[in-house]
Amino acid sequence: MKKINILIIDDEPVICKGGRQILSEKNYQVETCPTGQTGLEAIRKEPFDLVLLDMKLPDMDGMDILKSVHPTNPGIYFIVMTGYSTVPNAVEAMKSGAFDYLAKPFTEDELLLVVTKALEKKTLVEENLSLRKELLHRFSFENIIGEDPKILRIFEQIEKVAPTDSTVFLFGESGTGKELFAGAIHAHSLRAGRQFIAVDCSTLSPGLLESELFGHVKGAFTGAVREQEGIFEMAHSGTLFLDDVTNLDLEIQGKLLRVLETGEYKPVGAGYFKKTDARIIAATNRDIRTMVEEGKFREDLFYRLNVFPVVIPPLRERKADIPKLAYHFLKRFCRKTGKRIEGFSDDALETLSNYAWPGNVRQLKNVVERLVIMAEDTTLDLLYLLDHLQLKLPGKDNPIPESLQELKTAKNHLLTQVFDPLEKAFLLKALRNTKGNITQAAGKVGMQRSNFCLLLKKHHLSSDHLNKKLGEENLEKNET
Ligand SMILES: Nc1ncnc2c1ncn2[C@@H]1O[C@H](COP(=O)(O)OP(=O)(O)OP(=O)(O)O)[C@@H](O)[C@H]1O
Ligand SMILES: [Mg+2]
């Protein structure tokens, strides 16, 4: 572990010598300087964690050092030492950024106490900063894949709304990235250094939900043996993401509305109100307007939440992003598993792009993870995809056509999306089973050779292409 570096700037040898001795014993690295000038030079050369600074130096005022160094070096903590223990002196130093002060003469314990306090604070601040950086990275736009104009527009909306404290309502099917976007709003907001708490309202049981959200006092119900803070308290001055908000029952909806309107809530069993300043982001994958019409969701709450609606389109409506997402997850899972996979074959990528993805990005992510785990080759091709994926074929989800034109369109759509890849995979499999012998393959599947060849042509599978493909496969199999 890196040693803590402490600098003592003082013209009194006894302070320098004594300080060095006491602090070195605690395993700190200590340097001493008898003048302001040598102190400044030392700081310029080396990054100190802590500076013990005498206010009255022979060549300059300690205050000047503090004022010149502190603004550009927030990582250096200053403790000023003053012989004239006048309060105004210390107060001025603290106003200029000193962390604490020591009145001379001080004891060993007093010295160690302020030094420990300063270093603890410094560690805490730095940990917070690094957590914040990690959060910012995870929710940064570079980690949210999407170049489709619809997604780019959401990025724009998020950048605009993030720094305000407005409530945001995210709409989108399951797995479209609602939580990811909620996190991005938080990370781009002024609250980024505070907590981001995501609550899935559908996973909490109705009986416990109220106390989970608002906390409870001791004895509020059987089992409430002590007071417990709720999610609203934890999210105070941070962001609270309420996923699946339509799952809240009407009673809790009323309580939520009250928090949104007044910033106040009552812990279960309490006779008083508590205040919260949490910023709310809500989300749902259900048709909330119908729920409002049916009286299942409070209309007033809906309008209160719907200040800034953001609609995330399903993956099938932004097909161009599918290859990018697939590669993004491929890279991630290769890193995780240590596998080396170069990519997807064109036909595999085409099939992925044309699939309807009812589970949206989450489903694609899971599929790629599974493919990577099972992969033995360096390329993931269509055959492999169809061998390892039970992608549910679209069928019952398709709306019933209402005109001949619509029927024809639907038929073409099904043929190109579902049947074509299947047909191609069928040919490849047949050929793989006969090591590329077309006559045998045709015979085995019960087709005329000429018809089999016609199909190969339809799918642009020339014999060169095939030999190459199957040759590679055989070669790789032999090598392993
Ligand atoms: N555009 C994207 N880029 C990268 N990863 C994404 C993207 N969209 C979603 N994901 C990933 O997909 C998974 C599902 O996203 P998320 O949990 O945000 O969806 P959701 O809309 O909240 O789903 P649910 O409605 O089921 O709660 C997460 O692992 C998320 O990181
Ligand atoms: Mg979610």
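Keep in mind that the numbers below use all heavy atoms, side chains included, and drop hydrogens, waters and symmetry copies. By convention here, the first residue in the shown sequence is residue 1.
- Note: F155 and F181 have tilted aromatic rings, judged against thresholds of 30 and 60 degrees for the angle between ring planes.
- Put simply, the side chain of T167 reaches to within 4.5 Å of the side chain of L260, judged on heavy atoms.
- Separating the CG atom in L248 from the CZ atom in R298 is a distance of 12.0 Å, to the nearest 0.5 Å.
- One side chain, E173 or N360, offers a donor N or O that lies under 3.5 Å from an acceptor on the other.
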Q: Starting from the C-alpha separation in whole Å, work towards a yes-or-no answer on side-chain hydrogen bond (donor to acceptor under 3.5 Å, both in side chains) for N5 and E31.
A: CA-CA 8 Å; N5 268 340; E31 223 179 281; over 6 Å; no
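- Side-chain contact between V259 and I280 is absent, with no heavy atoms from C-beta onward closer than 4.5 Å.
- For the pair E264/K274, no side-chain contact is recorded, criterion being any heavy-atom separation below 4.5 Å from C-beta on.
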(Q) Assess the residue pair K319 and D148 against the criterion (salt bridge (charged side-chain N to carboxylate O under 4.0 Å, His left out)); give the C-alpha distance rounded to whole Å, side-chain angles, the decisive distance to 0.1 Å, and a yes or no. (A) CA-CA 8 Å; K319 281 189 193 312; D148 187 286; over 6 Å; no
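- A cation-pi contact, defined as under 6.0 Å to the ring centre and within 45° of the axis, links K266 to F273.
- Using bins of under 30°, 30° to 60° and over 60° for the plane-to-plane angle, the ring pair F344/Y327 lands in the perpendicular bin.
- Checked against the 6.0 Å centroid criterion, the rings of F297 and F302 do not qualify as a close aromatic pair.
- Using modelled atom types and a 3.5 Å distance limit, the side chains of D347 and S345 yield a donor-acceptor pair.
- At a threshold of 4.5 Å between non-hydrogen side-chain atoms, the residues R362 and T176 do not count as touching.
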Q.
Assess the residue pair E126 and K122 against the criterion (salt bridge (charged side-chain N to carboxylate O under 4.0 Å, His left out)); give the C-alpha distance rounded to whole Å, side-chain angles, the decisive distance to 0.1 Å, and a yes or no.
A. CA-CA 6 Å; E126 281 167 4; K122 182 175 154 75; 2.9 Å; yes
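- Side-chain contact between Q157 and I154 is present, with at least one heavy-atom pair separated by less than 4.5 Å.
- With hydrogens and angles left out, the side-chain atoms of D200 and S202 include a donor and acceptor closer than 3.5 Å.
- Counting only N and O atoms by type, the side chains of R279 and T239 include no donor and acceptor under 3.5 Å apart.
- For F169 and F171, the ring centers sit closer than 6.0 Å to each other.
- Within the 4.5 Å cutoff, no side-chain heavy atoms of M81 are placed close to those of M55.
- By the 6.0 Å and 45° rule, R370 does not stack over the aromatic ring of F333.
- Using a 4.0 Å cut-off between charged side-chain N and carboxylate O, K56 and D61 make no salt bridge.
- Annotation: side-chain contact (heavy atoms from CB on, under 4.5 Å) contacts of E294 (sequence neighbours excluded): T290, K296.
- Of the residues V115, V51, L119, V125, the one that meets the side chain to side chain contact (heavy atoms under 4.5 Å, CB included) test with Y77 is V125.
- With no hydrogens or angles considered, a side-chain donor-acceptor pair links T284 and T246 at under 3.5 Å.
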